[in-house]
K.L.:
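Sharing a structure below in structure tokens format, with a few things to ask.
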Amino acid sequence: MQIKEILENYYPEQFEPGLVDEIGDVAQLKHFQPQDILIDMGETVTVMPILLDGAIKIMRDDYGEGELLLYFLEKGDTCAMTMACCLGDKQSNIRAIGETEGRVLMIPVQKMEDWLAKYPSWRKYVFDSYNNRMDEMLEAIDNLAFNDMSGRLKNYLLNVATINKGNAVHKTHLEIANELNSSRVVISRLLKSLEKEGFLVLNRNVITIQ
DNA sequence: TCATTAACACGGG
DNA sequence: CCCGTGTTAATGA
């Protein structure tokens, strides 16, 4: 079983053997590429994703033409929105997009509910994940409430750099502006001033954090 | 005052 | 030429 081996490599000792077997039976392994939409607004969520490799960005969409990046998911994370949806048969209020390439395990929602009652390790995993998501959400709110655009831009760049395991951010000013729900003029100006401060170095299509 | 919009110039692929 | 970038002038909140 390929999935079983992956689980044993990625999450050793975390799940009971019985649970690992069950996951192996029902989970689907899915590769995604940058910009792939994994979950979109308004979709009814039928699977719960567990991230194995790569990073996924979670965007809030303003129904019209306004997007805002909430936070990134990394290895081992799962999506709190999905969990909330699972319990109520609700639609997704967010959009999940591949930031890098990577792999996710897709688990059908009714299985995930069954396992909550059956496996303590699953319960722990789900609630721990929920807590982590909640913390990240609060961080995002603090960031929005107490930081000006320059501070948000700095945080954003640091986050992206962390996810790409380096200090280079391969994005255009326009992409950054969209993810921060701002305009390119502002981002260009702020980036320029951050460059003067010595916080980063600007090049075409790549920003290097010092 | 500060963000947004439109417009333009420049340079690299 | 098209796109990413840097800048400015006008407008609005």
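Predicted, not measured: the structure shown is a model, and the values here were computed from it. Here is the naming used below: chain letters follow the sequence lines, and residue numbers restart at 1 for every chain.
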K.L.:
Asp77(A) side chain to Glu74(A) main-chain N or O, any donor-acceptor pair under 3.5 Å?
P.N.:
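Between the backbone of Glu74(A) and the side chain of Asp77(A) there is a qualifying donor-acceptor contact (under 3.5 Å).
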K.L.:
Within the 4.0 Å limit for protein heavy atoms, which parts of nucleotides 2-8 of chain B are touched? Write it as a string from 5' to 3', B for base, S for sugar-phosphate only, - for none.
P.N.:
-SBBB--
K.L.:
Is Glu67(A) paired with Lys57(A) through a side-chain N to carboxylate O contact shorter than 4.0 Å?
P.N.:
no
K.L.:
Between Thr208(A) (side chain only) and Ala168(A) (backbone N and O only), is there a donor and an acceptor less than 3.5 Å apart?
P.N.:
no
K.L.:
To the nearest Å, how far apart are Lys192(A) NZ and dT8(C) P?
P.N.:
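One finds 12 Å between P of dT8(C) and NZ of Lys192(A), rounded.
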K.L.:
Considering the options Glu16(A), Glu22(A), Lys124(A), which one meets the side-chain hydrogen bond (donor to acceptor under 3.5 Å, both in side chains) requirement together with Tyr119(A)?
P.N.:
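Checked Glu16(A), Glu22(A), Lys124(A) against Tyr119(A); only one passes side-chain hydrogen bond (donor to acceptor under 3.5 Å, both in side chains): Glu22(A).
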K.L.:
Whether the Tyr156(A) and Glu179(A) side chains hold a donor-acceptor pair (N or O, under 3.5 Å, no angle test) is what I'd like checked.
P.N.:
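A pair is found: one side chain offers a donor N or O, the other an acceptor, under 3.5 Å apart.
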K.L.:
If you define the side chain from C-beta out and look only at heavy atoms, does anything of Val104(A) sit under 4.5 Å from Leu52(A)?
P.N.:
no
K.L.:
Could you check how far CD1 of Ile176(A) sits from C1' of dT5(C), rounded to whole Å?
P.N.:
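To the nearest whole Å, that distance equals 12 Å.
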K.L.:
Can a donor-acceptor pair be found between the side chains of Asp53(A) and Tyr10(A) at a distance below 3.5 Å?
P.N.:
yes
K.L.:
Take the protein atom NE2 of His170(A) and the nucleotide atom C1' of dG4(C), then report the distance between them rounded to whole Å.
P.N.:
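Nearest whole value for this atom pair: 16 Å.
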K.L.:
Scan nucleotides 10-13 of chain B against the protein and return all N/O pairs shorter than 3.5 Å with their distances rounded to 0.1 Å.
P.N.:
from: dG11(B); atom 1: N2; to: Arg204(A); atom 2: NH1; distance (Å): 3.4
from: dG11(B); atom 1: N2; to: Arg204(A); atom 2: NH2; distance (Å): 3.1

K.L.:
Going through the distances and angles, do Ile56(A) and Phe72(A) end up as a side-chain contact (heavy atoms from CB on, under 4.5 Å)?
P.N.:
CA-CA 6 Å; Ile56(A) 295 173; Phe72(A) 290 104; over 6 Å; no
K.L.:
Give the rounded distance in Å between these two atoms: CG of Leu200(A) and P of dT5(C).
P.N.:
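Rounding to the nearest Å, CG of Leu200(A) and P of dT5(C) are 13 Å apart.
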